[in-house]
Student: 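My questions will all concern the structure given below.
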Amino acid sequence: MADITITLPDGSQRSVPAGTTVGGLAASIGRGLAKAAVIGVVDGTERDLNWELRDGDEVEIVTATSERGLYTIRHSTTHVMAQAVLELFPGATFAIGPPVEDGFYYDFALPPGPDGAPGTFVPEDLDRIEDRMREILSEAQPFVRDELSSDVAREVFAKHRYKLEIIDGQADDPMSATATGLVRTYENPPAKAWADPPFEGYPGFIDLCRGPHVPDTKSFLGHFKLMRVAGAYWRGDEKNEMLQRIYGTAWASKADLEEHLHRLEEAAKRDHRRLATELDLLSFPEQLGGGLAVWHPKGGIVRKTMEDYSRRRHLEGGYDFVYTPNLANGKLFEASGHLGFYKDGMYPPMEMDNGEYYPKPMNCPMHNLVFDSRQRSYRELPLRFFELGTVYRYEKSGTLHGLMRIRGFTQDDSHIYCTPEQAHDEIRSLLGFVLSVLRAFGFDDFDANLSTRPAKAETVGTDEGWAAATESLRAALEAEGLPYEVDEGGGAFYGPKIDVKVRDAIGRSWQLSTIQYDFNMAERMGLSYIGEDGGRHTPVMIHRALLGSIERFFGVLLEHYAGAFPTWLAPVQVRVLPVRDDHAAYAAEVVGELEGRGLRVDVVDASEKLGNRIRKAKGEKIPYVLVVGDADVEARTVGVNPRGGEVDRDVPLDAFGQRVADEVLAQTSVS
RNA sequence: GCCUCCUUAGCUCAGUCGGCAGAGCGCUUCCAUGGUAAGGAAGAGGUCGUGGGUUCGAUUCCCACAGGAGGCUCCA
């Protein structure tokens, strides 16, 4: 039999007998690779291990622990889950089931219950499904690739309406391939034919699928766990019926699975809602209503420190401070367009004697009123109005999430009014300012989205205006060297925007800052300035939130630092512990000295043993714990136990105070 | 808003297959005054989220509502 030549990723070539499969190639390279091989990539397309190679193919073997290998494992696992569900729940049908980050899901519709309502899964069902999945695994059912004509596929999947919609191209399924009248499928022949198989002509499970898959259900699939059941709208549309989605996670080894579960536990430990309670920072009293928080003294001082810093930076950055009320007559929001476009997100109005008043969902209309309070000249532009403005938005109850999604929050909001000529430079310096402030809070890993014009018919503004604005945003991103993705058509109807995202200590990405052009509102509200030519012009208006919502930013910081705020932000910066009661007087002196340097200091008296007081201080994540005893009283020193560091005895009080005061000053000074 | 689940002391959580409710931490008082991650004792503290229903009896079962978690949709 003639040999064929295969090219490997390192460029080397290999001769193998004609008819060699991807798996065979792996085996010819090495026994270890043969064992680890999940699929292959042949000329850029992922293929099963039993895919037959042709002369001249370029082939890469994909192993279980690689990203593509894991993706395949998760994809195959979700097929097994679907099989288990369809077998355990007669009459059930299935929609789509792709792998996702760390796992997979599949959407199902269960037959209606006795009350006629759509059937739902309960958590115990997950155990049954998992048990059945393990049985399927032990059967080592092969994944059998096939290609059916659309007509045949329609008969096979006649009982599965979602699959029919996919076959007919009405619904998107990222995992299927239905081109040119042909439909690709994967079948798992069962050890024993089902009593009443729901697929015409097959004894067990088959699914529309482009593959590839692991060779059989016994290979690579053992390390999974079904996590939870959730609702999900068919085709992602709120108007469609809600399906039952089961989420699972799957890994290449037991150790990887356990590590993943451990990571989830660790992430839960730094959940801002838990830390906010533990550290007594803030709470969400039920009596207040959903999505509304009260700040306790410890959270309050952190927030004040953040806000003071923000104010100072804005003052130095050439911003003007404005203050505006929380309520406004509905006529203002009609003029601004909010009642037309965003009414659903607003709290309902209260009736007053001269009309309906609404809590403000945004600060811009009011800032516009400040702009419009007298005639403006081009000589005073750019004008930068800044306000820590509290807004209220009626978020749907199911979307609320601690501080991250809340109904009443404060934006560090700015609106900038400038001439078209000024806009380019203004955007550029604005982005630099934004990044500088974010860095001061301890973030240094940024990226951005540049959102461009949506479908033209839905937007305002001119072609030239959009093009110039988008170009200014792009130039600013490039000048800052900020990596960005273009979100084509992702802009608002009124203009393009940049969203700045930061990566936190455990690698999660948070969208914080936003810089948005607005071609709409200034004109709508009739804003103008007198230009050099003596004529009236509409200013360019730029919306900008830096930290975004103070509440949300606080939540992000809390999780980023896992509650251990840097010294300048920490609610208690130094705790003083007298060894015995008779050191209390000196401890008070130490407190006084440090407070005199502007530090936040407290003291815990000796009614508990020292070890326990230290333990509690560590639990509160206080940056510095000072122990003072006989020797310290004598020599005016302190024993310093810093967070995350070594104990240092006999430090002169003065030197310690200076050091910490310097540390705080360094963190808060402009970079 | 929709789907699943949850709600017991200030916090974290046991528990009751329907029969007067428990632990640890925290809090109060007393003893103890101990140089770097839990000293001892006693005590207070709960209409078992709220409102209805079933029942001789409901914290437990059913319904509604509120709040919360995870998703979906949404996020100006």
Side-chain angles (χ1 to χ4, degrees), chain A residues 100 105 107 110 117-126 227-247 264 268 271 273-274 277-280 283-292 333 336-338 340-346 361-362 364 391 393-402 404-406 491-495 497 511 514 516 518 520-521 543 545 548-549 552 577-584 605-619 625-632 638-642 646-650:
Chain A
V100 291
Y105 68 80
D107 287 345
L110 297 179
T120 57
F121 290 114
V122 296
E124 297 76 63
D125 290 335
L126 295 189
M227 304 297 283
R228 58 179 60 92
V229 46
Y233 298 108
W234 168 232
R235 292 161 73 174
D237 189 333
E238 201 171 9
K239 291 187 215 49
N240 288 338
E241 69 272 30
M242 181 159 270
L243 304 173
Q244 293 284 300
R245 174 172 297 179
I246 300 177
Y247 280 93
L264 291 181
D271 187 302
R273 294 160 299 192
R274 173 194 180 118
T277 304
E278 281 176 10
L279 301 176
D280 196 16
S283 57
F284 296 88
E286 197 175 319
Q287 300 93 313
L288 253 189
L292 299 167
F333 296 119
S336 69
H338 286 91
F341 293 104
Y342 313 122
K343 190 168 187 188
D344 288 349
M346 293 170 66
M362 294 179 78
C364 31
V391 297
R393 299 182 184 179
Y394 189 75
E395 304 285 359
K396 290 195 243 173
S397 62
T399 65
L400 300 174
H401 180 88
M404 304 305 189
R405 193 79 181 270
I406 197 170
F493 73 90
Y494 52 76
K497 63 172 178 175
Q511 191 211 300
T514 182
Q516 309 188 357
D518 191 331
N520 181 52
M521 208 183 291
H543 304 257
S549 133
R552 181 178 144 90
L577 303 178
V579 173
R580 288 190 315 269
D581 277 343
D582 52 320
H583 304 126
D605 68 33
S607 56
E608 277 174 292
K609 293 188 94 166
L610 184 61
N612 200 31
R613 286 182 284 154
I614 287 171
R615 181 178 151 270
K616 285 178 179 171
K618 296 294 176 186
V625 179
L626 301 185
V627 176
V628 294
D630 290 331
D632 300 296
V638 292
V640 181
N641 185 335
E646 296 291 306
V647 171
D648 194 6
R649 289 280 299 270
D650 307 318

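Here is the naming used below: chain letters follow the sequence lines, and residue numbers restart at 1 for every chain.
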Student: Could you check whether A:G495 gets within reach of a base, just the sugar-phosphate, or nothing at all, counting any heavy atom under 4.0 Å?
Tutor: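 Since no nucleic acid heavy atom lies under 4.0 Å of A:G495, the category is nothing.
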Student: Which is true for A:V122 with a 4.0 Å heavy-atom rule: it touches a base, it touches only sugar-phosphate, or it touches nothing?
Tutor: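 Here A:V122 touches the backbone only, sparing every base.
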Student: Provide the distance between the two P atoms, one in B:A76 and one in B:U4, to the nearest whole Å.
Tutor: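 It works out to 29 Å between them.
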Student: Just how far, in rounded Å, is C1' of B:C72 from OH of A:Y247?
Tutor: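 The distance from OH of A:Y247 to C1' of B:C72 comes to 7 Å, rounded to the nearest Å.
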Student: Do the charged groups of A:R235 and A:D237 touch, with an N to O distance under 4.0 Å?
Tutor: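 The answer is no: the pair does not qualify as a salt bridge.
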Student: Using the P atom as the reference point in each nucleotide, state the distance between B:G19 and B:U28 in Å, no decimals.
Tutor: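 Rounded to whole Å, the distance is 36 Å.
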Student: If I take atom CZ in residue A:R552 and atom P in nucleotide B:A76, what distance separates them, rounded to the nearest angstrom?
Tutor: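 Distance, rounded to whole Å: 11 Å.
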Student: Taking atom types as they are modelled, is there a donor-acceptor pair under 3.5 Å from the base of B:C11 to the side chain of A:R274?
Tutor: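 No.
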Student: Would you classify A:Q244 as touching base, sugar-phosphate or nothing, given that sugar-phosphate means primed atoms plus P, OP1 and OP2, and contacts are heavy atoms under 4.0 Å?
Tutor: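 The answer is sugar-phosphate, as A:Q244 gets under 4.0 Å only of primed atoms, P, OP1 or OP2.
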Student: Please state how far atom NZ in A:K396 lies from atom P in B:G1, giving the value in whole angstrom units.
Tutor: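 Roughly 9 Å, once rounded to whole Å.
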Student: From C-beta outward on A:Y233, which listed nucleotide comes closest to its side chain: B:G1, B:G70, B:A76?
Tutor: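 Comparing B:G1, B:G70, B:A76 against the side chain of A:Y233, the answer is B:G1.
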Student: Where the side chain of A:T277 is concerned, which of B:C11, B:G1, B:C5 is the nearest nucleotide?
Tutor: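 Ranking B:C11, B:G1, B:C5 by closest atom to the A:T277 side chain puts B:C11 first.
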Student: Closest approach to the side chain of A:Q516, judged atom by atom: which nucleotide of B:A76, B:G70, B:U4 is it?
Tutor: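 Shortest atom-to-atom distance from the side chain points to B:A76.
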Student: Restricting to non-hydrogen atoms, name the atom on A:D518 and the atom on A:H543 that form the minimum distance, rounded to 0.1 Å.
Tutor: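 Closest pair (atom of A:D518, atom of A:H543, distance): OD2-NE2, 2.7 Å.
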Student: Base, sugar-phosphate, or nothing: which does A:G345 touch, judged by heavy atoms less than 4.0 Å apart?
Tutor: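 Result for A:G345 = base.
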Student: So A:F121, base contact, sugar-phosphate only, or nothing? Heavy-atom distance under 4.0 Å.
Tutor: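 Sugar-phosphate, no base atom in range.
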Student: Taking the C1' atom in each of B:C11 and B:U16, what is the distance between them to the nearest angstrom?
Tutor: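 Comparing C1' positions in B:C11 and B:U16 gives a spacing of 23 Å.
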Student: Which one, B:G67, B:C5, B:C2, comes nearest to the side chain of A:P123?
Tutor: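 Nucleotide nearest to A:P123's side chain: B:C5.
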Student: Between B:U12 and B:G70, how far is it from one P atom to the other, in whole Å?
Tutor: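 Result for the P pair: 15 Å, nearest Å.
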Student: Give the B/S/- string for nucleotides 25-35 of chain B, one per nucleotide from 5' to 3', where a protein heavy atom under 4.0 Å of the base yields B, of only the sugar-phosphate yields S, and otherwise -.
Tutor: -S-----BBBB
Student: For Watson-Crick and G-U wobble pairs within 3.5 Å on both distances, what is RNA chain B written in dot-bracket notation, | included for inter-strand pairing?
Tutor: (((((((..((((.....[..)))).(((((.......))))).....(((((..]....))))))))))))....
Student: In whole angstrom, give me the gap between the C1' atoms of B:G22 and B:U59.
Tutor: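 13 Å, rounded to whole Å.
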Student: Between A:R580 and A:D630, is there a salt bridge with N-O shorter than 4.0 Å?
Tutor: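 Result for this pair is yes, salt bridge flagged.
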Student: Is there a side-chain contact between A:K618 and A:N641, using heavy atoms and a 4.5 Å cut-off?
Tutor: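 Yes, their side chains come closer than 4.5 Å.
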Student: Determine the interatomic distance between C1' on B:G15 and the same-named atom on B:A21; round to the nearest Å.
Tutor: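 It works out to 8 Å between them.
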Student: When all nucleic acid strands are considered with a 4.0 Å heavy-atom cut-off, which category describes A:G236: base, sugar-phosphate, or nothing?
Tutor: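 Sugar-phosphate, backbone atoms only, no base.
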Student: What closest approach, in Å, do A:N240 and A:Y233 show between heavy atoms, and which atom pair accounts for it?
Tutor: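 Residues A:N240 and A:Y233, closest heavy atoms: O-CD2, 3.5 Å.
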Student: Do any side-chain nitrogens or oxygens of A:T399 fall under 4.0 Å of OP1 or OP2 in B:C75?
Tutor: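 Negative; the distance criterion is not met.
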Student: Round to a whole Å and report the spacing from CD1 of A:I406 to P of B:G67.
Tutor: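 Going from CD1 in A:I406 over to P in B:G67 covers 14 Å.
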Student: Using the P atom as the point on both nucleotides, what is the distance between B:G40 and B:A64, in whole Å?
Tutor: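 Nearest-Å result for B:A64 against B:G40 at atom P: 50 Å.
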Student: Determine, for A:Y105 and A:R245, whether the Lys NZ or Arg CZ falls below 6.0 Å from the six-membered ring centre while staying within 45 degrees of the axis.
Tutor: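 That pair qualifies as a cation-pi contact.
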Student: Determine yes or no for a side-chain-to-main-chain donor-acceptor pair under 3.5 angstrom, with A:N612 supplying the side chain and A:K609 the backbone.
Tutor: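 Side chain of A:N612 to backbone of A:K609: no pair is present.
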Student: Nearest to the side chain of A:E238 - B:G70, B:U73, B:A76?
Tutor: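 From the listed options, B:U73 comes nearest.
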Student: Looking at the base of B:G1, is there any donor atom on it, or on the side chain of A:Y394, that sits under 3.5 Å from an acceptor on the other one?
Tutor: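 In this structure, the two groups form no donor-acceptor pair.
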Student: Determine whether A:L626 and A:L577 satisfy the following criterion, side chain to side chain contact (heavy atoms under 4.5 Å, CB included), listing intermediate values before the conclusion.
Tutor: CA-CA 6 Å; A:L626 301 185; A:L577 303 178; over 6 Å; no
Student: Between B:U36, B:A76, B:C72, which nucleotide has the shortest distance from any of its atoms to the side chain of A:I614?
Tutor: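 Out of B:U36, B:A76, B:C72, the nucleotide with an atom closest to A:I614's side chain is B:U36.
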Student: Please examine the side chains of A:L292 and A:F284, heavy atoms only from C-beta on, and report whether any two atoms are closer than 4.5 Å.
Tutor: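 No - every pair of side-chain heavy atoms lies 4.5 Å or more apart.
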Student: Taking the nucleotide of RNA chain B with the closest heavy atom to each, which residue, A:H401 or A:D237, is nearer the 5' end?
Tutor: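 Comparing both residues, the 5'-ward one is A:H401.
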Student: Where the side chain of A:T120 is concerned, which of B:C2, B:U4, B:U36 is the nearest nucleotide?
Tutor: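 Closest of the options to the side chain of A:T120: B:U4.
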Student: Could you say whether A:D648 or A:G291 is positioned toward the 5' end of RNA chain B, judged by the nucleotide with the nearest heavy atom to each?
Tutor: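 Its nucleotide being nearer the 5' end, the pick is A:D648.
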Student: Quick one: are A:R613 and A:P578 in side-chain contact, heavy atoms under 4.5 Å?
Tutor: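 They are in side-chain contact.
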Student: With a 4.0 Å cut-off on heavy atoms, is A:A230 in touch with a base, just the backbone sugar-phosphate, or nothing at all?
Tutor: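 Here A:A230 touches the bases of the nucleic acid.
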Student: Which value, in whole Å, describes the distance between the P atoms of nucleotides B:G53 and B:G1?
Tutor: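 The same atom, P, in both gives a distance of 26 Å.
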Student: When the aromatic ring centroids of A:F341 and A:F493 are compared, is their separation below 6.0 Å?
Tutor: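 They qualify: ring centres under 6.0 Å apart.
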Student: Using whole Å, what does the distance between atom P of nucleotide B:A66 and atom CG of A:L288 come to?
Tutor: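 One finds 16 Å between P of B:A66 and CG of A:L288, rounded.
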Student: Under 4.0 Å, counting only non-hydrogen atoms across every strand here, what does A:F284 touch: a base, just sugar-phosphate, or nothing?
Tutor: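 No contact at all - A:F284 keeps every heavy atom at 4.0 Å or more from the nucleic acid.
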Student: To the nearest Å, how far apart are A:M404 CE and B:A69 P?
Tutor: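 Taking atom P of B:A69 as the reference, CE of A:M404 is at 12 Å.
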Student: Could you check which of B:U36, B:C5, B:G70 has an atom nearest any side-chain atom of A:R228?
Tutor: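 Of the options given, the side chain of A:R228 lies nearest B:G70.
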Student: Return the value, rounded to whole Å, for the distance between atom CZ of A:R405 and atom P of B:G68.
Tutor: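 That distance rounds to 14 Å.
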Student: Does A:R273 put a side-chain nitrogen or oxygen below 4.0 Å from OP1 or OP2 of B:G70?
Tutor: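 For A:R273, the contact criterion (side-chain N or O under 4.0 Å from OP1 or OP2 of B:G70) is met.
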Student: What is the distance, to the nearest angstrom, from the CG atom on A:L400 to the C1' atom on B:G71?
Tutor: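 In whole Å, B:G71 C1' lies 14 Å from A:L400 CG.
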Student: State, yes or no, whether a side-chain contact exists between A:H338 and A:M362 at a heavy-atom distance under 4.5 Å.
Tutor: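 SC-SC contact between A:H338 and A:M362 confirmed.
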Student: Any carboxylate oxygen within less than 4.0 angstrom of a Lys/Arg side-chain nitrogen, looking at A:K396 and A:E238?
Tutor: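 Looking at A:E238 together with A:K396, the answer is yes, because their closest N to O distance falls below 4.0 Å.
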